[in-house]
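Chain identifiers are assigned alphabetically (A, B, ...) following the order of the sequence lines, protein sequences preceding nucleic acid strands; residue numbering begins at 1 within each chain.
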Amino acid sequence: MSRGGETFFERVYLLVRQVPRGRVVTYGQVARLLGLDRGARAVGWALRALDAEQAHRVPWHRVVGHGGRVSLGTSPAGLEQRRRLRREGVRFLDGRVDLARHGLRRAAR
DNA sequence: GGGCTGACTGACG
DNA sequence: ACGTCAGCCAGCC
């Protein structure tokens, strides 16, 4: 489905590109912002479809799972995601992003 | 149109 | 707190 002549995937990319450095959003949040309360899975699908070039302009690493969990886990991509987030000053609590500080609806200190 | 897949989620045990 | 199970969704056969 598409609105404004763009696919859901493209809308996901446009929204994720607006996530500022040091801030993160969850798949569910992205889906909700796009009008799909339960489209979190589709959001993950969209990010997975990113090719190298797109990944360069879309801050995919700022999208995490519910509760600040890194969905990619221990995979190479998962480790890189954590590395990038840390480099932006994102704090982790027991392996999970501290959403209280970096999540949506909350200004980072 | 029908079935499968996956960077998700919330509910259970 | 952790593993499983079952819905949910868009895109691709």
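At whole-Å resolution of the value, CD in A:Glu6 and P in C:dG11 are 12 Å apart. Taking atom OH on A:Tyr27 and atom C1' on C:dC9, their separation rounds to 15 Å, with Å as the unit. Rounding to whole angstrom units, CG of residue A:Asp37 and P of B:dC8 are separated by 18 Å. Rounded to an integer number of Å, the gap from A:Arg32 CZ to C:dC9 P is 14 Å. Taking atom CG of A:Leu47 as the reference point, atom C1' of C:dG11 lies 14 Å away to the nearest angstrom.
A:Arg38 contributes no side-chain N or O that forms a donor-acceptor pair with the base of C:dG7 under 3.5 Å.
When atom types are taken as modelled, the side chain of A:Tyr27 and the backbone of A:Trp45 share no donor-acceptor pair closer than 3.5 angstrom. In this structure a side-chain-to-backbone donor-acceptor pair under 3.5 Å is present from A:Gln81 to A:Val63. Side-chain atoms of A:His102 come within 3.5 Å of backbone N or O of A:Arg91 as a donor-acceptor pair.
Residues A:Gly39 and A:Ala31 approach most closely at C-CB, 3.5 Å, considering heavy atoms.
Using a 4.5 Å cut-off between side-chain heavy atoms of Ile, Leu, Val, Met, Phe, Trp and Tyr, with links allowed through other members, A:Leu104 and A:Tyr13 fall into the same hydrophobic cluster.
DNA chain B lies under 4.0 Å from at least one heavy atom of each of the following residues of residues 58-74 of chain A: A:Trp60, A:Gly65, A:His66, A:Ser71, A:Leu72.
For the pair A:Asp98/A:Phe92, no side-chain contact is recorded, criterion being any heavy-atom separation below 4.5 Å from C-beta on.
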Would you give me the side-chain donor-acceptor pairs under 3.5 Å for residues 49-57 of chain A, sequence neighbours excluded?
from    : atom 1 : to      : atom 2 : distance (Å)
A:Asp51 : OD1    : A:Glu53 : N      : 3.0
A:Asp51 : OD1    : A:Gln54 : N      : 2.7
A:Gln54 : OE1    : A:Asp51 : N      : 3.1

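Toward the 5' end of DNA chain C, the nearer of the two residues A:Trp45 and A:Arg41, judged by each one's closest nucleotide, is A:Arg41.
Salt-bridge check for A:Glu88 with A:Arg84: failed, with every basic side-chain N at 4.0 Å or more from each acidic carboxylate O.
Helical stems of DNA chain B (runs of at least 3 Watson-Crick or G-U pairs, donor-acceptor distances under 3.5 Å) are listed by first residue: B:2-6 with C:9-13, B:8-13 with C:2-7.
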